[in-house]
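Heavy atoms only: backbone and side chains are in, while hydrogens, waters and symmetry mates are out.
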Amino acid sequence: MAIKTRNFNVARQQASTNIELIWWVFMRVSGVLLVFLVLGHIYMNNILISNTSIDFDYVASRFSQPLYKVYDLVMLVLAMLHGTNGLRYIIDDYVHHDGWRNIVKYALYFVVAVLITTGTMLLFSFPFNKVGG
Amino acid sequence: MRVTLKVLRYNPEADRAPHWESYQLEAEPTDRVLDLLHNVKWDTDGTLTFRRSCGHGICGSCAMMINGVNRLACKTLVQNLDTDTITVEPIRGLPVEKDLVVDMAPFFQAFKAVKPYLINDDPPPERERLQSPEERAVFDEGTKCILCAACTTSCPVFWVNGTYIGPSAIVNAHRFIFDSRDKGNGERFKALSGGGGIWRCRTAYNCTEACPRDIPVTELIEEVKRAIMVNYV
Amino acid sequence: MYRGREGQWAFYLHRITGVAILLYLLVHVGELTAAMFGSKYSNAILHFFHQPLFQLGLLTVIGAVLYHALNGLRILIMDFTSWGTRLQNKLWYGVLILFALLYVPTVIKILPEIFGGGGH
Amino acid sequence: MAHIHDVLIVGAGGAGLTAALFAAKNGANVGVITKLYPTRSHTGAAQGGVSAALGNVEEDRWEWHMYDTVKGGDYLTDQDAAEVFAKETIEGVIELEHMGLPFDRLPSGKIAQRRFGGHTRNFGEAPVRRAAYAADRTGHVILHTLHQQAVKYGIAFYNEFYVLDLLFDDDGRAFGVLAYELATGEVHTFKAGAIVIASGGYGRIFKTTATAHTVTGDMQALIYNKGLPLEDPEFFQFHPTGLFPLGILITEGARGEGGILRNADGERFMERYAPTIKDLAPRDVVARSMFIEIMEGRGCGPNKDHICLDLTHLEPDVIEKRLPDIAEFARTYAGVDPVKQPIPVLYTAHYSMGGIPTTLWTEVIKDENNTVVPGLYAAGESACVSMHGANRLGTNSLAELIVFGRRAGIASAKFAQTYKPHPLPPEASDPARERVDKILSSSGGESVSKIRKELQESMMENASVYRNEERLSKQVKIVRELQERYEHISIQDKGKLFNTELVEAFELGSLLTVAEALVHAALNRTESRGAHAREDYPERDDDNWLKHTLAYREAPGKVRFAYKPVVLGRFEPKPRTY
Ligand SMILES: Cc1cc2nc3c(=O)[nH]c(=O)nc-3n(C[C@H](O)[C@H](O)[C@H](O)COP(=O)(O)OP(=O)(O)OC[C@H]3O[C@@H](n4cnc5c(N)ncnc54)[C@H](O)[C@@H]3O)c2cc1C
Ligand code: HEM
Ligand code: SF4
Ligand code: F3S
Ligand code: FES
């Protein structure tokens, strides 16, 4: 394995706040919540029914119930933030070139921001009967 | 018994890339891997290069990757390896200088970053500062560290991310954070908590498995994480 | 390959499953967002992903979530108890056993649906 | 490359680091040159404890400590040095504690102390608890604590630099050092106001030794080759309990905690040799007793070639908590569990009482009139003040490091204030380059490892625990022959980077040189005293030999002796019984 040694001082200059601690705690808190949310979600959509039976009507009926709106919104945001921060760790680990690392990270943040926004819009723009179909 | 010693060799003055070299040796089951390396160096190939000093696991010179695991060459007996093919490579994640010798500078830089010394500016008493055996026991494990780097260079995070401060530095921080006489935790927490600090540890436990002093490295790291967390909330 | 033990493999699996789930999630949210543009588009995309190949992928992601979640709990125990680190390898075997107990029935339930042709 | 410091220290063991700290605290700009990374120094291997009459467990006084040191040294100890030592080590140990050293503690919170060989209460009455300790890794924690302090003070280190030469000006003042950097193969020039030698001992002249591969007496050899004397090189201590057969040390603290030496019959034979303090007699006494037991056929094992150290009657908890490392050594290297089985032990080469002669303030001296070599200091095992006399007591060495290391730091910093940088001609580093090139270019065909092996085996046979004229004369010849062969060594590694083969060749040169001083002086001293035991002269001879040897190298193989009186005082020489 070719390893390019960067050193700890370089890293310290990059961050000297407690933001890393906060993210660390967030990973754990969101993790616990996600256990229930995600496993519950899978149970409902993959075990109770067959995933292949899911279609627009199913999605529409689900998203029209306020409880699911909240459930899915919390799950969406937590999973996105949790996953993104997780991937940030991984990018920090494997992408050594300073410039590339930032490009990759910001590309990730951009995609996630877009998806969180559209996902939220999706949940709150229901019912979408108005938008054709 | 007859053993095959395979060493990953690299001489920057002659080689483009590291390459394996094999040596056939006669060995006793109770021989140390260090003895085998010495046999090669002294009888066959004087250019084989490695660090060593004490020969009994206390100076921390001879950490290397033996049969795929970080160990001290002077503390690993042939009979512990259960095989007659012994592979030896330099520890990972630090630049190789020659054969089994790596540049330890980044390792010691991380060590220094955690302020590994007693911080207490109060004027000391006439006699010793008092400390109960219980208070002393809390930080005992960290005092055993011989700075061999076996832990840090076994850590999968450190291999790929040299900015990670590494388990050894954290063990040495633990030794002071939990010393009842020390007052420097604010500074130390700052060094540990930043980017590349303790939060990079993914609890992979290779460090704990590798430590030749049987220090429960991951446990100490987790204690430090909790101490920092409690300190800030 | 470094001959690490339980902890190392638990970590690598956690990392790989984490990335896998995230990638799936990105696609999944995108897939559902299509609903905003009406049932026609939405159904087309949903049905596209109902092909067996994607369904097998989904089954794998479910496994990944299951492992990641259970091992995530293991990590929490190690982080927040005084005994977790000492039992970490036993805990990992616990994770694997629980994983098997939950995942095998899931596979038994879902696998036939993929090939037996579910709703469509 | 050239470097300038007020004080330059050679060696980063306990003595070197202490000197560095105190020189820095006294305002000097300090540089430390060491052939190893500091924490690899041999001080880290010391196990049992560091002596100081703290009186934490029971009454103790520095006078008693001084007495034990003088008697332990078989009255060859300079009593002014022993006095300074016994007083200042108390402060020194407290200071270490203030630096953060993690001593084991008593329930009262004070530093814990244990028994050690030769340390007694009230002038020899019974063993006393005087050794402050941290389990069986006292040296390790001392070395690391000092290293931590050095990090704190930001002391400049030149790690993995091998010192090849010392530079003196026309007035005989030491002002520079030439060192070979392992990583690059470059020779560096160092200029300094004062130089402190703290380079440790030379246990590697013997085959079975508790000392590290790197303990090779380099600086003693350098000094001696420069025509300066070595003091008392004939006194070399064998520690009774080296793990058999490797020689790894099993601390005397094991006996301090209650361990017992037994012969093949299970007999506690030390009762016969030292009825009062038995197994806790000084090392020379115990090592000789073991030798006799084995010679008389009462050795343990199938070959009757070792002795048993029995800890099985101790609480397992004592072994695991206070002697964890030696328990591990026994398990790892001998496959013996000390909780259940006795540990096989044999004497092992351990400590050089002799060394570079110094004054009480660690100034190096060049003759029997105590004429000082300006600018040059020495402390620790490489030096000879002489506070150990003919035999060192356990735990007195670590204490010596802090007492005289500190004096060296203070004195050298003060001296360095008078320093004006000498202009250094570029050819100043030539002698060192020549040493490097000579070995690199030689094709003589002699092998470093073979010569070293022959030296170590023959020294073991002819100049170890018991000596006589016949064997010593033989050894004088052997050493000379090996030195001649050394002129024709060649090595395979001709590279510049990390040439450890070259360093081993330098080190062999040092070993041969100090061995020469040792065997000549041992042949010369026709008495038995402390660690120097002559079968042909079994008695101590105070009339003729109550004096220190100063050995000068006139020419290779030709040694001249001068003598320095022992500083007496409080305690008159008496027969030494325990
Ligand atoms: C196994 C063992 C156990 C012991 N236990 C005890 C004990 O319990 N109590 C006690 O009081 N004593 C004990 N001793 C003795 C004591 O440890 C040593 O005498 C003491 O540590 C020597 O310290 P030092 O600082 O003089 O030298 P060292 O610690 O040996 O350091 C020497 C330094 O000099 C450097 N150096 C040497 N040559 C060169 C060169 N050519 N160029 C550059 N640098 C060089 C080395 O790199 C090293 O840094 C023990 C000794 C041994 C071997
Ligand atoms: C289901 C419940 C989940 C739990 C209990 C959980 C728990 C955790 C924990 C504790 C970590 C931190 C690991 C560490 O610091 O060592 C983590 C990391 C991670 N998680 Fe999750 N997680 C869950 C769901 C998810 C989801 C849904 C995703 C994807 C969107 C995800 C992606 C990741 C990623 C990418 C990492 C980074 C892994 C690494 O750095 O090695 N996790 N998870
Ligand atoms: S913690 Fe263990 S493995 Fe790591 S440097 Fe210290 S002794 Fe070596
Ligand atoms: S191996 Fe590395 S990830 Fe943490 S537990 Fe040890 S430091
Ligand atoms: S040589 Fe000292 S630890 Fe291996």
>> Taking side chain as everything from C-beta outward and backbone as N, CA, C, O, which of these in D:Arg137 sits under 4.5 Å from a heavy atom of chain B? Side chain, backbone, both or neither.
In response: side chain

>> Rounded at 0.5 Å granularity, tell me how far CZ in B:Phe176 sits from CD1 in B:Ile119.
In response: 8.5 Å

> For chain B, which of D:Ile94, D:Asn499, D:Leu502 has the most heavy-atom pairs under 4.5 Å?
Replying inline: D:Ile94

>> Between B:Lys98 and D:Asp493, does any side-chain N to carboxylate O distance fall below 4.0 Å?
In response: yes

>> Could you tell me if B:Asn67 and B:Thr83 have a donor-acceptor pair between their side chains, going purely by distance under 3.5 Å?
In response: no

> Where on D:Ile111 is there a heavy atom nearer than 4.5 Å to chain B: the side chain, the backbone, both, or neither?
Replying inline: both

>> Using heavy-atom distances under 4.5 Å, tell me whether D:Glu504 contacts chain B through its side chain, its backbone, both, or neither.
In response: side chain

>> I need the minimum non-hydrogen distance between B:Phe178 and B:Glu223, along with the two atoms involved.
In response: CZ-O, 3.8 Å

> Where does D:Lys450 contact chain B at under 4.5 Å (heavy atoms): side chain, backbone, both or neither?
Replying inline: neither

> Which residues in residues 123-132 of chain B have any heavy atom lying under 4.5 Å from a heavy atom of chain D?
Replying inline: B:Pro124, B:Pro125, B:Glu126, B:Arg127, B:Glu128, B:Arg129, B:Leu130, B:Gln131, B:Ser132

> Contact part of B:Leu48 toward chain D, heavy-atom cut-off under 4.5 Å: side chain, backbone, both or neither?
Replying inline: backbone

> Which one of B:Asp43, B:Val101, B:Asn120 has the most heavy-atom pairs closer than 4.5 Å to chain D?
Replying inline: B:Val101

>> I'd like to know whether the aromatic ring centres of D:Phe506 and D:Tyr162 sit less than 6.0 Å apart in this structure.
In response: yes

> Quick one: what part of B:Arg136 sits under 4.5 Å from any heavy atom of chain D, side chain, backbone, both or neither?
Replying inline: side chain

> When heavy-atom pairs shorter than 4.5 Å are enumerated against chain B, which of D:Ile491, D:Leu106, D:Val448 gives the highest number?
Replying inline: D:Leu106

>> Show the nearest heavy-atom pair for residues B:Leu192 and B:Ile170, with the distance to one decimal.
In response: CD2-CG1, 4.1 Å

>> Which one wins on heavy-atom pair count under 4.5 Å against chain D: B:Glu135, B:Arg213, B:Lys115?
In response: B:Arg213

> Taking the six-membered ring for Trp, are D:Phe161 and D:Tyr158 parallel (under 30°), tilted (30 to 60°) or perpendicular (over 60°)?
Replying inline: perpendicular

>> For the NZ atom of D:Lys35 and the OG atom of D:Ser199, what is their distance to the nearest 0.5 Å?
In response: 8.0 Å

>> Any salt bridge linking B:Lys6 with B:Glu89? Criterion: basic side-chain nitrogen under 4.0 Å from a carboxylate oxygen.
In response: no

>> Under 4.5 Å from any heavy atom of chain D, what part of B:Leu77 do you find: side chain, backbone, both or neither?
In response: side chain

> Cut-off 3.5 Å, side chains only: do D:Thr211 and D:Thr209 have a donor facing an acceptor?
Replying inline: yes

> Side chain, backbone, both or neither: which part of D:Ser41 has an atom under 4.5 Å from a heavy atom of chain B?
Replying inline: neither

>> Which one wins on heavy-atom pair count under 4.5 Å against chain B: D:Leu249, D:Leu143, D:Asn56, D:Leu243?
In response: D:Asn56

>> Any salt bridge linking B:Asp214 with B:Lys144? Criterion: basic side-chain nitrogen under 4.0 Å from a carboxylate oxygen.
In response: no

>> Which heavy atom of B:Arg188 sits nearest to which heavy atom of B:Val114, and what is that distance?
In response: CG-O, 2.8 Å

> How about B:Asp122: does its CG atom have over 12 heavy atoms from other parts shown lying under 6.0 Å from it?
Replying inline: yes

> Considering only heavy atoms, which portion of D:His144 lies under 4.5 Å from any heavy atom of chain B: side chain, backbone, both, or neither?
Replying inline: side chain

> Any side-chain donor paired with an acceptor under 3.5 Å for B:Arg51 and D:Thr500?
Replying inline: no

> Does any heavy atom of chain D fall under 4.5 Å from the side chain of B:Phe50, the backbone, both, or neither of them?
Replying inline: backbone

> Going by residue number, which parts of residues 10-23 of chain B are within reach of chain D, meaning a heavy-atom gap below 4.5 Å?
Replying inline: B:Pro12, B:Glu13

> Which atoms of D:Tyr37 come close to chain B, meaning under 4.5 Å heavy atom to heavy atom: side chain ones, backbone ones, both, or neither?
Replying inline: side chain

>> Can you tell me which portion of B:Asn80 sits under 4.5 Å from chain D's heavy atoms? Options are side chain, backbone, both or neither.
In response: neither

> In chain order, what residues pass the salt bridge (charged side-chain N to carboxylate O under 4.0 Å, His left out) check against B:Asp35, with sequence neighbours excluded?
Replying inline: B:Arg32

>> Under a 4.5 Å cutoff for heavy-atom pairs, which residue among B:Asp103, B:Thr49, B:Asp140 has the most contacts with chain D?
In response: B:Thr49

> Which one, D:Val141, D:Leu36, D:Asp325, leads in non-hydrogen pairs under 4.5 Å with chain B?
Replying inline: D:Asp325

> In terms of heavy-atom proximity below 4.5 Å to chain D, should B:Thr44 be classed as side chain, backbone, both, or neither?
Replying inline: backbone

>> Counting only non-hydrogen atoms closer than 4.5 Å, does D:Glu328 touch chain B with its backbone (N, CA, C, O), its side chain (CB onward), both, or neither?
In response: side chain

> With chain D, which of B:Thr143, B:Asn172, B:Asp182 has the greatest number of heavy-atom pairs at distances under 4.5 Å?
Replying inline: B:Thr143

> Can B:Asp179 and B:Arg175 be counted as an ion pair, charged N to O under 4.0 angstrom?
Replying inline: yes

>> Can you tell me which portion of D:Phe329 sits under 4.5 Å from chain B's heavy atoms? Options are side chain, backbone, both or neither.
In response: side chain

>> Report which part of D:Leu101 has an atom under 4.5 Å of a heavy atom belonging to chain B: side chain, backbone, both, or neither.
In response: backbone

> Which heavy atom of B:Met104 sits nearest a heavy atom of B:Leu147, and at what distance?
Replying inline: CE-O, 4.3 Å

>> Which one wins on heavy-atom pair count under 4.5 Å against chain B: D:Glu91, D:Lys494, D:Arg452?
In response: D:Arg452

> Will you find, in the side chains of D:Lys207 and D:Thr348, an N or O donor that is under 3.5 Å from an N or O acceptor?
Replying inline: no

>> Test of understanding: with side chain to side chain donor-acceptor pair (under 3.5 Å), list the residues that count as partners of D:Asp104, not counting sequence neighbours.
In response: none

> Between D:Asp136 and D:Lys321, does at least one N-O distance fall below 4.0 Å, as a salt bridge requires?
Replying inline: no

> Angle class for the D:His147/B:Phe111 ring planes (parallel below 30°, perpendicular above 60°, tilted otherwise)?
Replying inline: parallel

>> Ignoring hydrogens and geometry beyond distance, is a side-chain donor-acceptor pair present between D:Thr214 and B:Ser53 at under 3.5 Å?
In response: yes

